[in-house]
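Step one of this worksheet: look at the structure below.
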Amino acid sequence: MALHIHNSYSRKKEIFESITPGHVGMYVCGPTVSGESHLGHARPYVSFDIVYRYLTYKKYKVRYVRNITDAGHFEEEGREAEDKVSKKAQLEKLEPMEMVQKYTNLFHWAMKQFNCIEPSIEPTATGHIVEQIGMIEDIIEKGFAYEVNGSVYFDVKKYAANYDYGKLSGRVIEELLDSSNRENLTRDLEGQQEKKDAADFALWKAAPAEHIMRWKSPWGEGFPGWHIECSAMATKYLGPQFDIHGGGMDLLFPHHESEIAQSTICNHTAPVKYWMHNNMITINGRKMGKSYNNVIKLTELFSGNHPLLSQPFHPMTIRFFILQSHYRSTLDFSNEALMSSEKAFKRLWEAFEVLKKLSFEKNETATDSELDTKINTWLNEFEEFMDDDFGTPRVIANMFEIAPVINSLKDGLIPATAIKSETLELMKNKFADFLENIFGLKNMDESNNELLSPVMQLLLDIRKEAKSKKDFATSDKIRNQLIEMGIVIKDDKDGNTSWGVA
RNA sequence: GGUCCUUUGGCCGAGUGGCUUAGGCAAAGCUCUGCAAAAGCUUCCACAGCGGUUCGAAUCCGCUAGGGACCUCCA
C-alpha cells in the first residue's frame with residue numbers, strides 16, 4: 001500500500017506522490033515567539049515530526065522548513081492596531097529582539113525535550129523582510145494589491161473573480177465580500193475604512209509612531225502583513241510548488257487561504273500539493289488558547305506546577321499521549337489522561353527493552369504457527385496503518401497486542417520455539433523502527449548512568465544474599481528504602497532482579 | 001447569524017456496511033511470589049435519540065438534542 005495523506009484542500013485521502021521523485025518539500029507554520037509555548041503547540045510539531053520521520057523512513061529526502069515568526073503577527077483589524085510583540089516588550093521592559101530570542105530559545109529547548117528533529121531550514125520573518133517586500137511589489141505590479149496611506153492590501157475581490165478563493169477553508173466568497181453578513185465587522189475597526197473591501201487583507205502595514213519594529217519599504221516605514229512571510233519563505237526555500245504544507249486547523253482561514261492567494265499571483269501556480277492540518281488539543285472540551293484562558297505551558301507540564309496537574313509529566317509521556325490519538329481528531333486533555341498515557345508508555349517501553357535482549361537459538365519452524373502468523377500480521381500492519389494517513393494510534397494498539405507475547409517469551413510462558421527466529425528478528429526491527437525512529441520515542445529513565453549501575457548491582461547482590469538466608473528484614477529494608485528514593489526493583493521469574501525509576 | 005466538524009463502554013481513545021472481544025487506563029478475580037512490585041491469564045462486549053435505505057448499520061441518508069472549530073491574534 002502506498003502512502004495516503006488526507007488533503008485538506010480536497011477533503012479526501014489522496015495517494016502521496018511527490019512532485020520531484022525521491023524528494024519532498026514540506027513547510028510547517030512555526031511558532032510566534034512572543035510568548036511561551038503551551039501544550040497546544042506541542043501537537044503540530046510532534047505530528048509533523050512524525051510526518052517528517054515517516055517520509056524519511058520511506059526513503060524520501062525531505063527538506064523540512066519551519067519558520068519562526070519573530071516579527072509578530074499584527075492585529076491589522078485590532079482595536080489599537082498594534083504589534084503583539086512590541087506591546088509585550090514594553091510591558092517586560094525588554095528589547096523586542098531580546099524577548100523574541102528568549103522565547104525562540106525556550107521553544108528550541110522544548111522541541112529538544114520532545115525529541116523533535118530540527119527542521120532543515122528554520123527561517124525567521126525578520127530575516128526575510130527583503131523577500132517579503134519583493135513579493136508585495138510583484139503582487140502590486142500584477143494588479144492584485146493596492147497601496148493606501150503607506151499600507152498595502154491584497155485585492156480579494158479581484159482575485160476571487162479569477163481564482164477559487166475560499167476553497168481550502170470552505171468559505172463562500174460572496175459572504176466574505178458582503179460585510180453586512182459578518183456581525184464582527186459591524187464593530188468599528190480601525191484600518192477597515194482604507195480597504196476597498198472588508199475581505200481584503202494586509203500585505204504591508206504602515207507603522208504608527210510608537211511601533212518599535214519597523215522597516216523601510218517603498219511605501220514608507222512599516223512592517224509586513226500577517227500572511228506574507230510564509231509565502232515568501234516557502235517560495236524561497238521550496239520553490240513555487242512544493243509537496244506538503246502543514247499547520248493547525250485554526251490557520252486554515254484566513255492564514256492559509258491568503259497564502260494560496262499571494263503565492264498563486266506571484267508564481268502563477270497554486271503553491272501546495274497536499275495541505276495537512278492537525279486538530280486542536282482541548283481542555284474540558286474547549287480549545288486550549290490564550291483567549292480561553294485555559295493554557296498549560298510546557299514548562300508547567302514538565303514541572304507539574306499547575307493547578308490542573310497532580311504531578312510533573314515527562315515530555316515522552318506527552319509525546320506518547322499525542323500519538324495515541326489521530327492527528328486530525330481533537331484530543332481532550334486531562335491530568336487523568338496523561339497519567340494513563342504515562343503508565344501505558346512505561347509498560348510498552350519496558351516490553352521493548354525486554355525484546356531487545358531476547359535471544360534464542362535458530363528456529364526455522366514455529367510450533368505455534370497461529371501465533372507466529374498473528375505476530376507477523378500485527379507487525380506488517382505497522383506500515384499499513386501509517387500509510388493510511390499516519391494512523392499512529394492503531395500502530396500503538398498493535399504494539400500492545402505484541403507486548404504480552406514479548407513478556408511471555410521472556411518468562412518462558414511461551415516457549416522460544418513457538419515462533420520462528422525470523423519473526424523475532426522482525427519484531428526487533430519493527431519495534432526499533434517505529435518506536436524509536438518513526439515515533440521518536442525514547443527512554444524516560446535516564447538514570448541508568450555508569451556511576452549508579454554498579455552501586456545498584458551491589459545493593460541487589462546484598463539483597464539477594466539476605467533473601468537466600470531468609471533475612472527478609474534486610475531485603476525488605478533495601479527494597480522499601482529504594483522505593484522512597486524513587487527506585488523500584490522487580491524480581492523477575494528467572495531469579496534476576498531489575499530496577500528502574502518509578 | 002454563516003460555514004464546517006463531532007457525539008463510541010467508568011475515563012481516554014481507534015475503527016469500519018455483515019467476527020475488531022481495536023488498544024490503553026481504571027476496576028474485579030486468578031496465577032506467580034517469603035511478602036510486594038512487575039508480568040501473565042480472565043472478566044467488564046459500547047457506539048447520543050428517533051426515523052429511513054439495506055438481506056444486514058455503531059458504520060450510509062434525514063430529523064432532533066448536546067458539544068466543538070472557524071468567520072478576529074491563535075497550533
Side-chain angles (χ1 to χ4, degrees), chain A residues 11 28-32 34 37-48 72-79 84 166 169-172 175-176 178 180-185 187 189 199 226 246-255 277-282 285-292 320-321 324-326 328-334 336-348 350-351 354 385 388 391-401 403-408 410-411 413-414 467 470-472 475-476 479-480 483 488-493 497-498 500 502:
Chain A
R11 290 148 200 255
V28 174
C29 285
T32 302
S34 60
S37 300
H38 58 74
L39 175 61
H41 295 110
R43 172 100 105 144
Y45 306 128
V46 168
S47 297
F48 289 106
H73 276 156
F74 311 105
E75 298 178 340
E76 48 167 326
E77 295 177 347
R79 264 135 280 166
K84 247 175 22 182
S169 54
R171 268 337 93 132
V172 182
E175 251 164 44
L176 292 171
D178 179 7
S180 64
N181 276 349
R182 302 171 74 199
E183 287 181 356
N184 342 27
L185 292 184
R187 282 181 292 156
L189 296 171
W226 179 22
M249 264 183 186
D250 47 355
L251 296 178
L252 264 166
F253 188 89
H255 187 55
H277 291 93
N278 63 276
N279 215 133
M280 303 291 104
I281 287 185
T282 59
R286 178 148 268 135
K287 174 183 164 184
M288 187 176 290
K290 274 178 197 156
S291 37
Y292 294 117
F320 188 73
F321 171 67
Q324 271 182 304
S325 76
H326 188 87
R328 282 191 293 110
S329 304
T330 52
L331 172 57
D332 199 48
F333 166 87
S334 70
E336 201 189 355
L338 268 193
M339 279 172 47
S340 154
S341 289
E342 178 183 272
K343 196 153 188 185
F345 177 56
K346 266 188 185 166
R347 188 158 85 84
L348 186 61
E350 271 174 37
V354 167
F385 292 157
D388 186 9
T392 56
R394 289 193 280 165
V395 176
I396 290 175
N398 272 22
M399 287 175 170
F400 274 109
E401 295 280 8
V405 176
I406 294 169
N407 289 322
S408 295
K410 172 185 168 249
D411 291 338
L413 295 170
I414 295 175
K467 274 175 66 173
K470 299 221 185 289
D471 177 8
F472 296 125
S475 66
D476 286 355
R479 185 175 66 197
N480 295 336
I483 282 176
V488 179
I489 59 179
K490 290 172 279 190
D491 292 329
D492 296 339
K493 292 218 188 325
T497 302
S498 56

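Below, chains carry the letters A, B, ... as their sequence lines are ordered, and counting in each starts from 1.
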By side-chain contact (heavy atoms from CB on, under 4.5 Å) - contacts of A:Lys287 (at least two apart):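 Counting only residues at least two positions away or on another chain, A:Lys287 forms a side-chain contact (heavy atoms from CB on, under 4.5 Å) with A:Asp250, A:Met280, A:Tyr292.
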Listed partners of A:Leu413 passing side-chain contact (heavy atoms from CB on, under 4.5 Å), at least two apart: A:Ser408, A:Asp411
Nearest-angstrom distance from the residue atom [atom1] of [X] to [atom2] of [N]:
X: A:Met280; N: B:A69; atom1: CE; atom2: C1'; answer: 8 Å
X: A:Arg286; N: B:G66; atom1: CZ; atom2: P; answer: 15 Å
X: A:Lys346; N: B:C25; atom1: NZ; atom2: P; answer: 13 Å
X: A:Gln324; N: B:C12; atom1: CD; atom2: P; answer: 13 Å
X: A:Met399; N: B:A14; atom1: CE; atom2: C1'; answer: 15 Å
X: A:Lys470; N: B:U33; atom1: NZ; atom2: C1'; answer: 12 Å
X: A:Phe320; N: B:A14; atom1: CZ; atom2: C1'; answer: 13 Å
X: A:Ile396; N: B:A22; atom1: CD1; atom2: C1'; answer: 13 Å

Does [X] reach a base, just sugar-phosphate, or nothing at all? Heavy atoms under 4.0 Å.
X: A:Ser475; answer: base
X: A:Gly289; answer: nothing
X: A:Phe400; answer: sugar-phosphate
X: A:Ile281; answer: base
X: A:Met249; answer: nothing
X: A:His277; answer: nothing
X: A:Met288; answer: base

When rounded to the nearest 0.5 angstrom, what is the spacing between [atom1] in [X] and [atom2] in [Y]?
X: A:His41; Y: A:Thr32; atom1: NE2; atom2: OG1; result: 7.0 Å
X: A:Asp492; Y: A:Thr497; atom1: CG; atom2: OG1; result: 6.5 Å
X: A:Leu331; Y: A:Asn278; atom1: CG; atom2: CG; result: 10.5 Å
X: A:Arg479; Y: A:Ile489; atom1: CZ; atom2: CD1; result: 6.5 Å

For A:His326 and A:Pro393 the tightest heavy-atom approach is N-CG, 3.5 Å
[atom1] gap between [N] and [M], integer Å:
N: B:A22; M: B:A46; atom1: C1'; answer: 12 Å
N: B:U8; M: B:C60; atom1: P; answer: 15 Å
N: B:U21; M: B:U43; atom1: C1'; answer: 11 Å
N: B:A28; M: B:C50; atom1: C1'; answer: 37 Å
N: B:C19; M: B:A75; atom1: P; answer: 45 Å
N: B:G18; M: B:G9; atom1: C1'; answer: 22 Å
N: B:A27; M: B:U59; atom1: P; answer: 33 Å
N: B:C32; M: B:C47; atom1: C1'; answer: 37 Å

Does the structure show A:Tyr45 stacking with B:A75, if we require the centres to be closer than 5.5 Å and the planes to be within less than 30 degrees of parallel?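 No, the aromatic ring of A:Tyr45 does not stack with the base.
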Residue whose nearest RNA chain B nucleotide is more 5′ - A:Gly170 or A:Gly248: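 In this pair, the answer is A:Gly170.
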Most 5' of A:Leu331 and A:Glu401 on RNA chain B, judged by nearest nucleotide: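 By nearest-heavy-atom nucleotide position, the 5'-most residue is A:Leu331.
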Identify whether the distance between the nearest side-chain nitrogen and carboxylate oxygen of A:Lys410 and A:Glu350 falls below 4.0 Å. no
Short side-chain N/O contact from A:Ser341 to OP1 or OP2 of B:G24, under 4.0 Å: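 Checking A:Ser341 against B:G24: no side-chain N or O falls below 4.0 Å of OP1 or OP2.
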Taking only N and O in the side chain of A:Tyr292, is any of them less than 4.0 Å away from OP1 or OP2 of B:A69? yes
I'd like a table of atom pairs between the protein and nucleotides 35-41 of chain B - only N or O on both sides, under 3.5 Å - with the distance next to each one.
| from | atom 1 | to | atom 2 | distance (Å) |
| --- | --- | --- | --- | --- |
| B:C35 | O2 | A:Arg479 | NH2 | 2.7 |
| B:C35 | N3 | A:Arg479 | NH1 | 2.8 |
| B:C35 | N3 | A:Arg479 | NH2 | 3.2 |
| B:C35 | N4 | A:Arg479 | NH1 | 3.3 |
| B:A36 | N6 | A:Asp491 | OD2 | 2.9 |
| B:A36 | N3 | A:Arg479 | NH1 | 2.8 |
| B:A37 | N1 | A:Asp491 | O | 3.0 |
| B:A38 | N1 | A:Lys493 | NZ | 3.4 |
| B:A39 | O3' | A:Asn407 | ND2 | 3.0 |
| B:A39 | O2' | A:Asp411 | OD2 | 3.2 |
| B:G40 | OP1 | A:Asn407 | ND2 | 3.1 |

Proximal nucleotide (of [options]) relative to the [X] side chain:
X: A:Ser329; options: B:A75, B:C4, B:A14; answer: B:A14
X: A:Ala397; options: B:A75, B:G23, B:G24; answer: B:G23
X: A:Ala344; options: B:G13, B:G24, B:C70; answer: B:G24

Please determine, for [N], whether a Watson-Crick or G-U wobble partner exists with both distances under 3.5 Å, and give it or none.
N: B:U21; result: none
N: B:U3; result: B:A69
N: B:C41; result: B:G29
N: B:C35; result: none
N: B:U53; result: none

Name the orientation class of the two ring planes belonging to A:Phe320 and A:Phe345 (parallel below 30°, tilted from 30 to 60°, perpendicular beyond 60°).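 Tilted: the ring planes of A:Phe320 and A:Phe345 meet at 30° to 60°.
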Polar side-chain atom of A:Ser325 near backbone of A:Phe321 as donor-acceptor pair, under 3.5 Å: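 Such a contact is absent between A:Ser325 side chain and A:Phe321 backbone.
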